[in-house]
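Note that ligands are numbered from 1 as they come in the structure, with each ligand's atoms numbered from 1 the same way.
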Amino acid sequence: MDFDILPARETVRPGRRDAILADPGFGVHFTDHMVTMRWTEGSGWHDARLEPYGSFTLDPATSVFHYGQELFEGMKAYRQDNGAIVLFRPEVNAARFNASARRMAMPEMPQEVFVRALELLVTQDRDWVPTTPGTSLYLRPFMIATQRSLGFSHPSTSYLFCVIASPAAAYFGGGATPRALTVWLSEDYSRAAPGGTGFAKVGGNYGGALAASRQATEQGCDQVVWLDSGERTWVEEMGGMNLFFVHAPQGARPRVMTPELTGTLLPGVTRDSLLKLAPTLGIDAGEGRISTAQWREQCASGELTETFACGTAAVMAPVGRVRGVSGGWTIGGGEPGPVTLRLREELLGIQYGLRPDPFSWVHKIC
Ligand code: COI
């Protein structure tokens, strides 16, 4: 696939860019360029270009507005200590993009084309990769259905792929040590059901979660925790992040467990990385299941000492307190725990080039 390179004639002034990079927030500022690519039935992927960041003009009858045929990915480019700019496991995001595409009856994209699109954008906008520790350039590849039709008898016959980039600070704010979150158990809403789209990274999963997120905020909580939709017993994930449970009572070898991929939760890249990384640090790791009652009881007995959420945007966020309609409880001392912080330090160390990369996860761009 050849990309046309159309650099922006006007870019954000360097002084303004530096001010943004000093305090980027999350998802509010965007770089000078984007990548776009079109797909049409019969022609496949074509019209690949790197072009100035800008608006799309779309007919009001464009099918994505009506039936939500859409998917996205979340990734980051990191500026390492030696100045290199790298991606983290982009091939895993490419594979998940294609898994989401299959579920949504959308076209898949060859891995090398997906990765090339990211490389081109990050190289072009490399001055937008922040330098402050903990910051990064968040990348948002996405695809939308563009057929002009209200018909619902078949998937769209045309699609637009796009990648945009946004300098990003820590998702939950805070400095080097993340603050512990308070989470809300959603006992009346469901995120995903068997056979649905829970494992795919699609906008509908997120849009449908907002009412529960609002409920969590109204209850003074930071995030919502989703339970299985059948028994409403088993903990699945947190809004946009996976969950890990740490068993590290004094004297015992630490163990981390994350809910197994039943098809209703997102197969996170950070989740997978931590499952592989933990054993190299002497921490046993595995998939399993835990009910809300077990979570509460094991915290009370001291068997379960920490809980954390993980995802690309959030990296790793400790959970200190759980609340729900029938009360709540504190996990450990309610503060970030040592196993969480050890894993976080190692993962960030690999991403920022401060630690060896035993799995060759880092993909150098420039
Ligand atoms: C990510 O972690 O990349 C996500 O897409 C989650 C989103 C809620 C920011």
Exercise. Mind checking side-chain contact (heavy atoms from CB on, under 4.5 Å) for Ser229 and listing every partner two or more places apart, or none if nothing turns up?
Key: Ser190, Ala193, Pro194
Quiz item: Taking NZ, NE, NH1 and NH2 as the nitrogens, is one of them in Glu346 or Arg342 under 4.0 Å from a carboxylate oxygen of the other?
Solution: yes
Quiz item: So, are Glu73 and Arg140 salt-bridged, with charged N and O less than 4.0 Å apart?
Solution: no
Quiz item: Can you tell me if Gln351 and Tyr78 form a side-chain donor-acceptor pair at under 3.5 Å?
Solution: yes
Quiz item: Who are the residue neighbours of ligand 1 when the rule is a heavy atom under 4.0 Å from any of its atoms?
Solution: Phe72, Gly74, Tyr138, Arg140, Tyr171, Lys201, Gly240, Thr312, Ala313
Quiz item: Going from CD1 on Ile331 to OG1 on Thr340, what distance comes out if it is rounded to the nearest 0.5 angstrom?
Solution: 9.5 Å
Self-check item: Glu108 CD to Trp39 CH2 distance, which is reported to the nearest 0.5 Å
Solution: 11.0 Å
